[in-house]
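Some notes on the structure that comes next.
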Protein chains: 2
Amino acid sequence: MTKKRESTGFLIKQRAFLKLYILTSIEKERWYGMQILDELKAAFRPFGYEPQHSEIYRALHDLLEDGILTRKKIIEEGSRYKEVAVYSVKNKDEAKAYKKLVKADLDRGEQLLRKALKDNFS
Amino acid sequence: MTKKRESTGFLIKQRAFLKLYILTSIEKERWYGMQILDELKAAFRPFGYEPQHSEIYRALHDLLEDGILTRKKIIEEGSRYKEVAVYSVKNKDEAKAYKKLVKADLDRGEQLLRKALKDNFS
DNA sequence: GTATGAACACACTGTTCATAA
DNA sequence: TTATGAACAGTGTGTTCATAC
């Protein structure tokens, strides 16, 4: 019954990490890919991490396939440029369940890194 | 002058993580692959992470290529089974420099995970 | 130029196979 | 069996290309 496992045992995958952020963004307001990308790039630049646009889209498509999000193509009035793909949460329960899963992996990863710092630098 | 980059911007790679642990193990006493593997497996099992033997060997070989470790093949008296490859630190300065580099990546990763927990669960 | 997406290519790592004692 | 290693295979992700405004 397990779908694709999100964790290989070591640290969380970038994909899952981004899916989590995307879910949180979309829960707040209706957003589309580029917008989220710019947000995240800005947020993580100070940490030396800059997600690529293709990863964002792959994450978005994953969430579609998972049945967690739905997509509508819309001609935004404000934005001068054509169609954007606007996402919203389709299945709140699944979204919540997924986030819970990712949280566990984040917690685990934090412990792993902490342990490594302790074991090797003290 | 930068060799293969150890970090792709996101979290630290398993390889670098293991190389760090290997260096620390070898600094303490003369050890060989399987021994380190068993150690690490035991240490990380509670965290749901179990490194594979091939990754350990790859990490060891990397450290050889980096010029940080040297290897001698030895017939251990105690161990009933033939040759083992025993490693020791060849270049202490490079070892130190490498560990410093990895530490930075661990710190960064911890911040990233912390931020994700904060941003998405609070 | 902005926005979305797919294709391609490579890097990372897990699984399997090989060899030796 | 223990130990080391290489080969193979799958997956994840960065880079590039394609399309539409």
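Lettering of chains follows the sequences in order, A, B, ..., and the numbering in each one begins at 1. Values below: every heavy atom of this structure, side chains too, minus hydrogens, waters and symmetry copies.
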Any N or O donor-acceptor pair linking the side chain of Ser54(A) to the base of dT15(D) at under 3.5 Å?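 Present.
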
The side chain of Val84(A) is closest to which nucleotide in this list: dC12(C), dG14(D), dT4(C)?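 So the side chain of Val84(A) is nearest to dT4(C).
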
Out of dT4(C), dG5(D), dG5(C), which nucleotide sits closest to the side chain of Met34(A)?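 In terms of side-chain proximity for Met34(A), the closest of dT4(C), dG5(D), dG5(C) is dT4(C).
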
Listed partners of Arg114(B) passing salt bridge (Lys or Arg N to Asp or Glu O under 4.0 Å), at least two apart: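 Arg114(B): salt bridge (Lys or Arg N to Asp or Glu O under 4.0 Å) contacts with Glu110(A), Glu110(B).
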
Which residues share a salt bridge (Lys or Arg N to Asp or Glu O under 4.0 Å) with Asp38(B), sequence neighbours left out: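 Partners of Asp38(B) under the salt bridge (Lys or Arg N to Asp or Glu O under 4.0 Å) test: none.
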
Parallel, tilted or perpendicular: ring planes of Phe10(A) versus Tyr49(B), cut at 30 and 60 degrees: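 Answer is tilted, since the angle falls between 30° and 60°.
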
Counting only side-chain nitrogens and oxygens, does [X] get under 4.0 Å of the OP1 or OP2 atom of [N]?
{"X": "Arg58(A)", "N": "dT15(D)", "answer": "no"}
{"X": "Gln14(B)", "N": "dG14(C)", "answer": "yes"}
{"X": "Lys73(A)", "N": "dA20(D)", "answer": "no"}

Output the rounded distance in Å from [atom1] ([X]) to [atom2] ([N]).
{"X": "Ile56(A)", "N": "dT2(C)", "atom1": "CD1", "atom2": "P", "result": "17 Å"}
{"X": "Tyr57(B)", "N": "dA3(D)", "atom1": "OH", "atom2": "C1'", "result": "5 Å"}
{"X": "Leu11(A)", "N": "dT13(D)", "atom1": "CG", "atom2": "P", "result": "12 Å"}
{"X": "Gln52(B)", "N": "dT4(D)", "atom1": "CD", "atom2": "P", "result": "16 Å"}
{"X": "His53(A)", "N": "dC8(C)", "atom1": "NE2", "atom2": "C1'", "result": "13 Å"}
{"X": "Tyr32(A)", "N": "dC21(D)", "atom1": "OH", "atom2": "C1'", "result": "13 Å"}
{"X": "Phe10(A)", "N": "dT13(C)", "atom1": "CZ", "atom2": "P", "result": "7 Å"}
{"X": "Lys19(A)", "N": "dG12(D)", "atom1": "NZ", "atom2": "P", "result": "10 Å"}

Sugar-phosphate only, base, or nothing, as touched by His61(B) at under 4.0 Å among non-hydrogen atoms: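 Sugar-phosphate contact only - His61(B) comes under 4.0 Å of backbone atoms but never of a base.
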
Lys103(A) with Asp107(A): basic N within carboxylate O range, under 4.0 Å: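 Salt bridge between Lys103(A) and Asp107(A), a charged N being under 4.0 Å from a carboxylate O: yes.
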
Any donor-acceptor pair under 3.5 Å linking the side-chain atoms of Lys99(A) with those of Thr24(A)?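 Yes.
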
